[in-house]
Amino acid sequence: MSDNGPVQTRCPVLNVRRVDAYYAITVVAPGIAERFRSGQFVSVAVGGDHSSTLLRRPFAIHDVKPDYGGTVEFLFAVRGSGTAWLAERRSRDLLDVVGPLGRPFPLPRDPVNCVLVGGGSGSAPLFPLAQSLRRRGCRVDFVLGGASADRVFSAITARRIAETAAFTTDDGSFGTRGRVTDVLGRVIEESRSDAVYACGPMPMLRAVTAVAGNHGIPVQVAVEETMACGIGICMTCVIPVVGEDGITRMVRSCVDGPVFRGEQVRFDDVGTIPFDALGAPGWKGSSAARAAESARDIA
Amino acid sequence: MSDNGPVQTRCPVLNVRRVDAYYAITVVAPGIAERFRSGQFVSVAVGGDHSSTLLRRPFAIHDVKPDYGGTVEFLFAVRGSGTAWLAERRSRDLLDVVGPLGRPFPLPRDPVNCVLVGGGSGSAPLFPLAQSLRRRGCRVDFVLGGASADRVFSAITARRIAETAAFTTDDGSFGTRGRVTDVLGRVIEESRSDAVYACGPMPMLRAVTAVAGNHGIPVQVAVEETMACGIGICMTCVIPVVGEDGITRMVRSCVDGPVFRGEQVRFDDVGTIPFDALGAPGWKGSSAARAAESARDIA
Amino acid sequence: MNADLRTRLGSLRLPNPVVTAAGCAGSGRELEQFFDIAEIGAVTTKSLMLEPRAGRPAPRMAETPSGMLSTTGMQGPGIDVFLQRDLPWLLSRGGRAIVSIAGAGVGEFGELARRVSEAEGVGAIEVNLSCPNPADPAGRRFADDAAQAATVVQTVRSHARSDLPVLAKLSADVPDVVELAGACVTARADGLTMINTLRGMSVDTRTLRPAVAGGMGGLSGPAIRPLAVGCVYRVHEAFPEVPIIGVGGVRTGTDVLEFMAAGASAVGVGTVNFSDPSACTRVLREFNEALDARGVSRASEVVGAAHRAGTGV
Amino acid sequence: MNADLRTRLGSLRLPNPVVTAAGCAGSGRELEQFFDIAEIGAVTTKSLMLEPRAGRPAPRMAETPSGMLSTTGMQGPGIDVFLQRDLPWLLSRGGRAIVSIAGAGVGEFGELARRVSEAEGVGAIEVNLSCPNPADPAGRRFADDAAQAATVVQTVRSHARSDLPVLAKLSADVPDVVELAGACVTARADGLTMINTLRGMSVDTRTLRPAVAGGMGGLSGPAIRPLAVGCVYRVHEAFPEVPIIGVGGVRTGTDVLEFMAAGASAVGVGTVNFSDPSACTRVLREFNEALDARGVSRASEVVGAAHRAGTGV
Ligand SMILES: Cc1cc2nc3c(=O)[nH]c(=O)nc-3n(C[C@H](O)[C@H](O)[C@H](O)COP(=O)(O)OP(=O)(O)OC[C@H]3O[C@@H](n4cnc5c(N)ncnc54)[C@H](O)[C@@H]3O)c2cc1C
Ligand SMILES: Cc1cc2nc3c(=O)[nH]c(=O)nc-3n(C[C@H](O)[C@H](O)[C@H](O)COP(=O)(O)OP(=O)(O)OC[C@H]3O[C@@H](n4cnc5c(N)ncnc54)[C@H](O)[C@@H]3O)c2cc1C
Ligand SMILES: Cc1cc2nc3c(=O)[nH]c(=O)nc-3n(C[C@H](O)[C@H](O)[C@H](O)COP(=O)(O)O)c2cc1C
Ligand SMILES: Cc1cc2nc3c(=O)[nH]c(=O)nc-3n(C[C@H](O)[C@H](O)[C@H](O)COP(=O)(O)O)c2cc1C
Ligand code: FES
Ligand code: FES
């Protein structure tokens, strides 16, 4: 049992707020709050003790506060049975929450200019990131998108904490009609961004990575893959990622991610096992690759 | 679809009260209230829409009132997951309730003396029965038993509405230490009872039937068999019962019961298929028995 | 609610694909208290035997996660009582009947088929292959031996009126469900119904004794749905022309969609009738809404969609 | 918490009967964040192959009622990396390891057994018979053919160090699980683990396409528990001397009681680790409490209780 790893707690709901088309739940969870770094997420058991819904639901942590020893907030849209159940929680109900999970966003050493790009619920983890970056003296600009106005999470907060905030919606009901990548290039140029952080659906992350590449700046992406366990034991959340050693591995987005360097994610091959991935059918690894494997994770 | 058969309704909870070791829930269910006759029960879905608990829980109807168009009350003890969930309901929650189910207690034509015997939660259906009997001018005496004081349902109400009320508990914490049948003979004699009504666990019903037999008076028993459907389609609730024609059949306690004439229930053979039951292995029915079968239930 | 819901199982035409699963709808009368029995595709009867049958001792059921274990031992009144008492009632209400039969041996299956064929108004015969084969030395079920199952189907086919579709009801816990299906099709089954309950067990942890009398019971309910959908998918892949009734854990309208996409032409509601007596009509309404929401105008378009590339419809 | 919880699987002695199920506990490190890994009976590893393995494409999982469908394709680092990297870590924490192996053919099973035997500190070998047999013309799994399964077990037995217990891991969706168990016992398996996931399928009702890549997946979780308990019961009845690890849908301490009453000497927690990372230690505590509540002083007394008349213990 480790001290900075995730904890599992049954924590009381402080409040559930409805905001446009989404909900914000705050729970009292000091153990999670004190360990939290931006980009990390929680996983929440849904449906109660006798639920037929077995698996936890992952949500990015949107905010932590010191109240009551430490609170954690996450935002969610109702998608299916799990989020519908969560939306019905009331204060003082208990939630079984595990967190903080996953690798956080790496923060720049220097006060550089960062543009933060979020799609739909993917905006959520960008807000604590923005705070951390601001604390380091970074300039922060936001580009947030969604299907429609009410699917753009926390637009007001974005305006408040960022230098600039641009919005896009598929239906044009808010901000520019179109995709986040339709405005991203302009924002990068105008804000002289040095780095991009993005979170949202895979196609968006791919497009954002391409834009950042065109501008020659690094990009960190946080993926939202389907996850059964969130703690690295089920192997259902894998995506192909190229390691520092040039070898592609099927890595777990819950513990090896959810944050990756955009250039290292093989977006074109998500949903496949690339032929040159370590252990792919027909793959014959060099003994060097194997030795590297055996050394990994020892530390 | 019939007018006097059961209905299925999503009905609001009016209130949940804790009484000693049990709970009383009242729901607003006019359709059930207006059809109700004493001895009938409801079946309640538990655990919510995404529950892993598939089956309904049956509960005797304890009271109906005209308020709000018609309310239905049932009492229950927390036994397992279903009753634990029910105990957590709050007013305005919705419950999916089917009822009224089963054959009611037959009522005597004349104002005779009746003793009502209940064990544990089996007391519940006797209260509306007592009211009906009183309305017909019958004398009503109660014998209620339970494992301990807090397992005797509605003792105060029993005292109020009956001529006399005797109580027994296994541990002697309330009334006489012992079983209901330890005092039943005396009550029958003192109250000059003409008939017995009983509800509770199978061994109790068997003993009560024996006592009534010894006193030469008829007994109506309401059984509490495990039920999957409560409406007669699953065939899991069967017990061996001798028909008017002398033939033993495996009958459904949910629709052919829960009320039976005590003498007709083959208590010794509950949990078996008696060799002479209709359709038992090796059974060779007469053509007369078959003709009778084919005529049953047509009406 | 505009989609054309009609479906076909061989020569049997149904107004919509929602039927009751065998043994899970009583005589039809009990459910008629909750909805109009003529509204659904058909009522599948419990499996009827030649003689009345008392079934197994109690306890007959135990609840399991998202399912139940049961062992009723095919209690029933026998075929004649059904044909004289229950069938006319069902037809008088405008319902359609799929009559499930269970023979105590191959010969009885033939006799049952003959008697059912003499009755007026039966829609199809379903052959329950999950009953024990008295001639099997190891006491296995007909379904456990594809050749034995084929003999039963062939016998039923040859004794049944030629215009009456014969459906073979398969179990999933057999050596090879695709082989079993193939043997039944070769024996001229007009369609397949799958799946029956799976053999399982539950222990009462108070007494530490088996929770249902006799130890083993049949597992049913939503818990088994993925196993049922898997069987339908694999069998439809192997025999795309053979109509299938998908059965196993259907609870909602999207479950119907799931079974049909896997290859079913109709879908049976079983255990969920116990927990929701209005289930059949609710499921039908939800299915209808699900088609509307997807802009599908004919239910039959969905059949086998999961086998096709792209989004299916 | 006074009961003696010790249990034995052949020559392997465990402090208590709660182990992790193969492939459901990572390397042990991940769960160590939530409880002390030395506290539970043992960690069963994912099935290791000779070479590193990338597994199957995503989507790899779908949720089902009280269960899940998964298809990871045995992604893993290969046996050598495990023995050099993960095993020493586990032993250093005081944990016990049951090493699951999966050969791409009979020969590989032998080689895997040899390599595992050379390592220090392994508690037992579990032979995953649910992997496809490359030599089978129909692409079936070893478990589908009792003779093939026996060959694998025999090969492992003869390559494994003689003091290392060999457990055969069985599937339930095979022609006859009792026959399969018998073949493995005859081939000198020291114990049996059952059950593995069952082949099932789920359709994504938005896209009408299979919910996991490749169509079929493995069903696990509480939904399948009655099927697992049924297998344990039947196999224990046939081979009462053979120790069994019961696996399938264990969620609570009373589930452990259920499996042990059916005949298991130990019980594996699988899918429920995903939904509750503290599950193993919670289940162990609840089991302990359940024994206390029943006044049982030795867990081993419960083994097979459901087969005995009366209340078992
Ligand atoms: C690391 C991470 C962080 C996330 N953060 C947020 C957030 O901050 N706010 C938010 O609204 N949503 C977030 N999501 C998506 C969120 O987990 C899903 O919306 C939620 O699981 C849906 O559950 P449901 O029961 O309502 O839907 P259902 O569709 O009924 O869920 C069925 C299954 O699919 C999975 N699933 C469904 N949708 C998604 C999805 N988009 N991504 C991953 N798994 C999914 C569920 O976990 C479940 O196992 C995040 C996902 C991940 C992986
Ligand atoms: C006709 C009828 C009327 C009843 N009336 C009352 C009543 O008025 N008050 C009351 O407290 N109880 C009553 N019972 C018993 C009540 O149904 C059970 O206490 C309840 O189902 C327990 O559910 P659970 O989920 O808490 O228990 P669990 O033990 O978790 O239930 C598991 C399964 O066993 C069944 N079951 C458990 N105990 C019983 C039992 N004693 N009788 C029948 N089935 C059982 C459940 O329905 C369920 O299917 C009645 C039973 C019947 C058949
Ligand atoms: C109580 C009960 C009785 C059943 N009786 C029969 C039967 O007589 N004949 C038959 O073919 N199947 C019978 N079945 C199986 C169902 O028809 C169905 O195949 C199975 O239960 C799976 O569907 P479900 O999960 O929707 O219940 C019965 C199932 C149950 C639960
Ligand atoms: C994601 C996942 C991976 C698994 N990997 C393996 C494996 O590598 N080897 C094996 O023998 N069983 C494997 N299993 C099967 C489990 O060990 C177990 O037998 C099965 O899941 C039933 O138990 P459960 O219901 O507790 O999960 C795996 C199961 C799951 C869900
Ligand atoms: S979600 Fe289980 S390993 Fe990532
Ligand atoms: S409970 Fe289903 S028939 Fe009685």
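None of the values given here were measured: they were computed from a predicted structure. Note on naming: letters A, B, ... go to the chains in the order of the sequence lines (proteins, then strands), and numbering restarts at 1 for each one.
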Could you give the distance from [atom1] ([X]) to [atom2] ([Y]), rounded to the nearest 0.5 Å?
{"X": "C/T254", "Y": "D/R206", "atom1": "OG1", "atom2": "CZ", "result": "12.5 Å"}
{"X": "C/L208", "Y": "D/H307", "atom1": "CG", "atom2": "NE2", "result": "11.5 Å"}
{"X": "C/S202", "Y": "D/D255", "atom1": "OG", "atom2": "CG", "result": "9.5 Å"}

Query - Within-4.5 Å side-chain heavy-atom neighbours: C/M216 and D/R234 - result: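 Yes, close enough: below the 4.5 Å cut-off.
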
Query - Option passing side-chain contact (heavy atoms from CB on, under 4.5 Å) with D/L227 (candidates C/D173, C/T64, C/L198) - result: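 Per the side-chain contact (heavy atoms from CB on, under 4.5 Å) rule, the option paired with D/L227 is C/L198, out of C/D173, C/T64, C/L198.
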
Query raised in the report: Taking the side chain from C/R294 and the backbone from D/T205, do they hold a donor-acceptor pair closer than 3.5 Å?
Result: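 Answer holds: yes.
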
Query raised in the report: So, does C/R308 use its side chain to make a donor-acceptor pair with the main chain of D/R209 at under 3.5 Å?
Result: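 No.
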
Query raised in the report: Which of the residues D/P175, D/P226, D/P210 is involved in the greatest number of heavy-atom pairs with chain C at under 4.5 angstrom?
Result: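 Top count of heavy-atom pairs under 4.5 Å with chain C: D/P226.
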
Query - Winner by heavy-atom pair count (cut-off under 4.5 Å) against chain C, out of D/R225, D/R251, D/E258, D/R199 - result: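 So the answer, after comparing D/R225, D/R251, D/E258, D/R199, is D/E258.
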
**Report entry** Summary of ring pair (Phe, Tyr, Trp, His ring centres under 6.0 Å) pairs that have at least one residue in residues 130-149 of chain D, sequence neighbours excluded
**Finding:**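 Of all non-adjacent pairs touching residues 130-149 of chain D, those that pass ring pair (Phe, Tyr, Trp, His ring centres under 6.0 Å) are D/F109-D/F142.
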
Query raised in the report: Which bit of C/R140 comes within less than 4.5 Å of chain D, counting heavy atoms only: side chain, backbone, both or neither?
Result: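 The answer is neither part of C/R140.
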
Query raised in the report: Checking heavy atoms, do the side chain of D/L69, its backbone, both or neither come under 4.5 Å from chain C?
Result: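 Just the side chain, heavy atoms under 4.5 Å.
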
